[in-house]
Amino acid sequence: MAVELLLPDGARREVEPQTTAADVAAAIGPRLARAAVAARVAGRVVDLMRPLGEVVTGGAAEFALLTLDDPQGLEVYRHTTAHVLAQAVRRLYPGTHFAIGPVIADGFYYDMDVRAADGAPVRLSAEDLPRIEAEMQRVIAQDLPLSREAWERDAVRERFVQDGEPFKVEIIDDLPAEAEISLYRQGEFYDLCRGPHLPSTGRIKAYKLLSVAGAYWRGDEKRPMLQRLYGTAFASKDALDRFLWVQEEAKKRDHRRLGPELGLFLLREEAPGFPFWQPRGHTLWRVLEDWSRSLQAAEGYGEVSTPVLMRSELWERSGHWDLFKENMFTLERDNERFAIKPMNCPAHCLLYAAETRSYRDLPLRLAEYGQLARYERSGTLHGLLRVRSLHQDDAHLFVTPQQIQSEMAAVLRLVDTVYGALGMSYNVRLATRPDEFLGDRALWDRAEGDLVEALRAAGKEFILSPKDGAFYGPKLEFHVTDALGRQWQCATVQLDFNLPQRFDLWYTGADGERHRPVMIHRAVFGTMERFIGVLLEHFAGAFPTWLSPVQAVVLPLSDRHADYARSVAAELCQAGLRAEVDARSEKIGYRIRQAQLQQMPYMLVVGDREAAEGLAAVRVRGRGDQGPRPVSEVAAAMRREVAERRAEPGW
RNA sequence: GCUGGUGUAGCUCAGUCGGCAGAGCGACGCACUCGUAAUGCGUAGGUCGGCAGUUCGAUUCUGCCCACCAGCUCCA
């Protein structure tokens with residue numbers, strides 16, 4: 001029976017069942033045949049070399065050839081590169097057992113128990129990677145064709161038992177009964193794999209092994225430690241070089257290095273996970289916090305402050321003691337147990353419950369910027385991005401069920417305002433009910449449904465992140481993309497029907513009856529710590545003027561200009577700007593260099609000419625000398641720039 | 001927390017095959033008083049991450065602990 005294909009241009013094509021996607025590509029044109037790496041048939045990505053009759057079961061199937069410009073095409077390409085890696089390792093270390101080799105965001109990895117021919121374990125290090133790459137190059141030069149083989153479960157299991165591949169056997173045993181099991185073969189090497197793959201190894205043009213690290217089999221620390229080889233592959237050498245450049249650039253931008261260099265914060269052994277903020281860092285912090293305050297005041301939020309230390313009964317009532325205790329710092333005094341707050345929500349529930357609430361009082365929006373402490377396992381701490389001391393730009397909105405949609409919409413607008421001003425895009429994930437959760441499933445289903453509805457209403461796409469919700473409610477996670485294209489989870493919005501129940505919160509409705517309010521937990525920056533860390537890397541330390549801890553540094557040419565320099569700085573400060581004077585007895589070139597390295601947006605050089613006429617010679621970060629200007633004009637221009645939150649300094 | 005690695009001045013890093021601890025940058029002082037990315041000279045600064053052990057003697061060898069780095073897991 002012939003197979004009917006629906007091509008992307010709307011054309012229909014009938015082919016024999018044994019026809020492959022490669023045949024179709026060749027029939028369309030030689031260029032497409034060379035560029036194609038796989039095909040998408042009826043929504044499923046399949047090998048070019050697979051007979052289409054095997055995958056099209058009835059009716060016409062949508063058919064598209066995938067090239068490396070298609071993300072799914074690139075995945076196939078990288079997946080085959082992972083097999084080439086495995087083949088190379090097998091040649092060099094014949095006793096190696098393989099686990100899994102999946103494609104990840106920027107490449108792939110392969111987990112393996114590396115052993116020599118005699119079975120002796122081999123520890124790989126970065127120095128071994130070039131040798132493995134060289135062997136990969138040989139595999140690619142051999143241009144080995146790949147072939148797919150369908151196997152019966154028992155037969156393939158027996159094959160891997162005989163090969164002495166314990167991980168593969170375990171994978172087979174865990175496959176669902178109805179799973180199609182396939183093997184891919186290239187030259188002397190074969191691997192259990194769902195595919196699809198490139199038609200031959202010679203198609204791989206640009207690849208690189210990036211690192212080797214330990215990883216537990218199945219992520220379980222009680223199971224064997226394997227070695228994970230990370231690598232990546234791109235369509236061209238240029239694309240690979242661009243990727244490697246981003247890696248290098250990321251190292252240069254590391255906030256753990258930039259922060260102390262720019263005098264923003266300190267990380268000390270004395271307080272792991274608790275950063276020390278220096279004046280400049282704290283200035284940046286305050287600018288962000290004040291911005292948040294003004295945005296939230298306009299939205300009708302009220303700011304509160306609640307205790308850092310509260311009795312364990314509160315945490316038992318909120319459910320934290322059962323489900324979050326591992327993450328709390330606790331202490332005992334006078335035979336009483338206390339915990340430092342890891343979240344503000346229970347305290348805000350107490351504030352809500354302190355007064356009788358009417359539907360007319362809602363929404364009640366309580367904001368708090370106080371310090372939280374969470375115990376994070378030592379190995380997970382990472383600069384400002386993963387800390388134990390955290391300050392959320394937190395708020396809890398107590399709303400009636402009818403207000404959920406409008407309040408969610410307002411929160412989503414607030415998120416857009418903030419990230420829009422910073423020029424950062426984001427994508428949204430809906431994190432659903434985890435295995436350990438509070439309350440009943442019906443409430444969870446409702447909350448998850450309401451979140452989806454809010455996203456739809458706001459016209460936002462989202463991806464599902466199953467079982468990643470907070471224990472009290474599902475959440476929206478906003479992953480913002482920085483200047484290097486990396487993603488960070490910052491903002492979060494959670495919908496909670498549980499805590500209002502646990503704290504027996506209610507309001508009097510228009511009907512005179514008691515009703516349960518709904519809580520919306522939300523943070524726009526996420527935490528100040530992480531947000532500042534992300535901003536540091538995003539801007540590489542060169543903050544826009546409005547965020548810059550020091551916006552202008554005034555540089556007197558010599559000692560006799562110091563007083564004038566101080567008066568210039570004072571004028572800027574009067575105008576509400578942050579200005580300093582660097583009157584050290586160093587040459588002007590030296591101080592300009594220092595100011596530039598400190599990423600000062602403006603440098604104002606003053607000498608005899610300027611002092612005589614109330615001028616300052618303006619130098620803009622990264623743009624050099626802009627010539628002399630009246631100080632009042634400089635101040636006015638800077639004020640405008642700050643008020644508009646412009647991305648770049650300069651006129 | 002687990003696996004592996006690292007820990008010497010504020011920072012980046014030399015060094016000691018077990019015998020008085022070094023550089024550059026930075027800081028501070030003095031001189032220079034300067035026109036747009038590094039002026040010169042000088043000074044201070046270290047229980048060689050912590051605690052034990054071995055030794056005549058430990059920064060160096062051994063053990064335990066702590067912190068950091070990479071990864072796993074977890075997460076704002």
Side-chain angles (χ1 to χ4, degrees), chain A residues 109 111 123-126 210-230 254 256-257 260-261 263 266-273 324 326-327 342-343 372 374-394 431 434 468 470 475 477-480 488-492 494 521-531 533-534 555-562 583-598 603-610 617-628:
Chain A
Y109 67 79
D111 281 352
R123 273 199 61 84
L124 294 178
S125 72
L210 300 171
S211 61
V212 53
Y216 299 100
W217 169 229
R218 303 220 144 153
D220 183 342
E221 65 190 53
K222 293 182 189 64
R223 311 206 57 181
M225 169 66 69
L226 305 173
Q227 297 192 70
R228 175 171 295 179
L229 285 152
Y230 283 92
D254 192 326
R256 292 168 299 182
R257 195 171 65 80
E261 263 176 30
L266 240 44
L267 298 168
R268 299 269 318 179
E269 236 184 76
E270 285 84 345
F324 207 70
E326 289 309 303
N327 288 291
M343 298 184 192
L372 308 174
R374 295 183 191 172
Y375 172 76
E376 299 288 350
R377 294 171 7 151
S378 61
T380 64
L381 298 177
H382 183 86
L384 295 180
L385 300 180
R386 192 73 188 281
V387 289
R388 287 175 175 164
S389 162
L390 47 155
H391 297 70
Q392 292 180 314
D393 59 326
D394 199 15
D468 273 341
K475 62 183 179 183
E477 298 177 348
F478 294 77
H479 294 254
V480 314
W488 311 91
Q489 191 192 329
C490 292
T492 176
Q494 299 155 20
H521 307 239
R522 39 109 296 171
V524 179
F525 298 150
T527 66
M528 300 304 292
E529 286 83 357
R530 173 174 293 182
F531 194 65
V534 169
L555 305 174
L557 220 43
S558 72
D559 289 350
R560 70 175 180 280
H561 310 113
R584 288 177 299 173
S585 65
E586 300 285 353
K587 290 182 101 167
I588 193 69
Y590 176 87
R591 283 174 289 149
I592 283 173
R593 178 183 152 80
Q594 292 287 309
Q596 185 74 47
L597 291 174
Q598 289 287 303
M603 289 154 252
L604 305 180
V605 178
V606 295
D608 291 329
R609 295 202 292 268
E610 289 76 15
V618 180
R619 191 187 165 95
V620 177
R621 180 178 63 205
R623 260 182 242 176
D625 191 2
Q626 307 288 306

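Scope of the values below: all heavy atoms of this structure, side chains included, with no hydrogens, waters or symmetry mates. Labels below follow one simple rule: chain letters A, B, ... track the order of the sequence lines, proteins then strands, and each chain is numbered from 1.
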Visitor: Closest heavy-atom contact between A:Ala431 and A:Glu477?
Guide: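 Smallest heavy-atom distance, with atoms named: CB-OE2, 4.0 Å.
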Visitor: To the nearest angstrom, how far is A:His382 atom NE2 from B:rA67 atom C1'?
Guide: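 That distance rounds to 16 Å.
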Visitor: Identify all stems in which RNA chain B takes part, counting only runs of at least 3 consecutive pairs (Watson-Crick or G-U wobble, each distance under 3.5 Å), and give each as one range with another, ordered by first number.
Guide: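 When the pairs of RNA chain B are grouped into runs of at least three, the stems are B:1-7 with B:66-72, B:10-13 with B:22-25, B:27-31 with B:39-43, B:49-53 with B:61-65.
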Visitor: Taking CZ from A:Arg256 and P from B:rC69, how many angstroms apart are they, rounded to a whole number?
Guide: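 Result: 5 Å.
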Visitor: Can you tell whether the side chains of A:Asp608 and A:Arg560 come within less than 4.0 Å, N to carboxylate O?
Guide: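 Answer for the salt bridge query: yes.
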Visitor: Roughly how many Å apart are B:rG49 and B:rA58, using the C1' atom of each and rounding to a whole number?
Guide: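 Between the two C1' atoms, the distance is 16 Å.
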Visitor: Tell me which one of A:Glu529, A:Arg374, A:His382, A:Met528 satisfies side chain to side chain contact (heavy atoms under 4.5 Å, CB included) with A:Val387.
Guide: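 Per the side chain to side chain contact (heavy atoms under 4.5 Å, CB included) rule, the option paired with A:Val387 is A:Glu529, out of A:Glu529, A:Arg374, A:His382, A:Met528.
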Visitor: Looking only at the side chain of A:Arg228 (C-beta and beyond, no hydrogens), which of the listed nucleotides B:rC72, B:rA67, B:rC34 gets closest?
Guide: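 My answer, after comparing the listed nucleotides, is B:rC72.
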Visitor: Give me the distance, rounded to whole Å, that separates B:rG1 from B:rC41 when you measure between the P atoms they each carry.
Guide: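 Straight-line distance between the two P atoms is 49 Å.
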Visitor: Using a distance-only criterion (donor-acceptor N/O pair, under 3.5 Å, no hydrogens), is the base of B:rC34 paired with the side chain of A:Ser585?
Guide: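 Side chain to base: no pair present.
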Visitor: Does A:Arg377 make a side-chain donor-acceptor contact with the base of B:rU73, cut-off 3.5 Å?
Guide: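 Side chain to base: pair found, below 3.5 Å.
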Visitor: Give the nucleotide from the list B:rC72, B:rU33, B:rG35 with an atom nearest to the side chain of A:Glu610.
Guide: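 Nearest to the side-chain atoms of A:Glu610, counting from C-beta on, is B:rG35.
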Visitor: Tell whether A:Arg374 reaches the base of B:rC75 with its side chain through a donor-acceptor pair below 3.5 angstrom.
Guide: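 Absent.
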Visitor: Taking atom types as they are modelled, would you say the side chain of A:Arg584 forms a donor-acceptor pair with the base of B:rC28 within the 3.5 Å cutoff?
Guide: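 A donor-acceptor contact between them is absent.
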Visitor: Between B:rG4 and B:rG45, how many Å separate the two C1' atoms, rounded to a whole number?
Guide: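 Nearest-Å result for B:rG4 against B:rG45 at atom C1': 35 Å.
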Visitor: With respect to the phosphate group of B:rC25, does any side-chain polar atom (N or O) of A:Arg593 fall under 4.0 Å of OP1 or OP2?
Guide: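 Answer is no, no contact under 4.0 Å.
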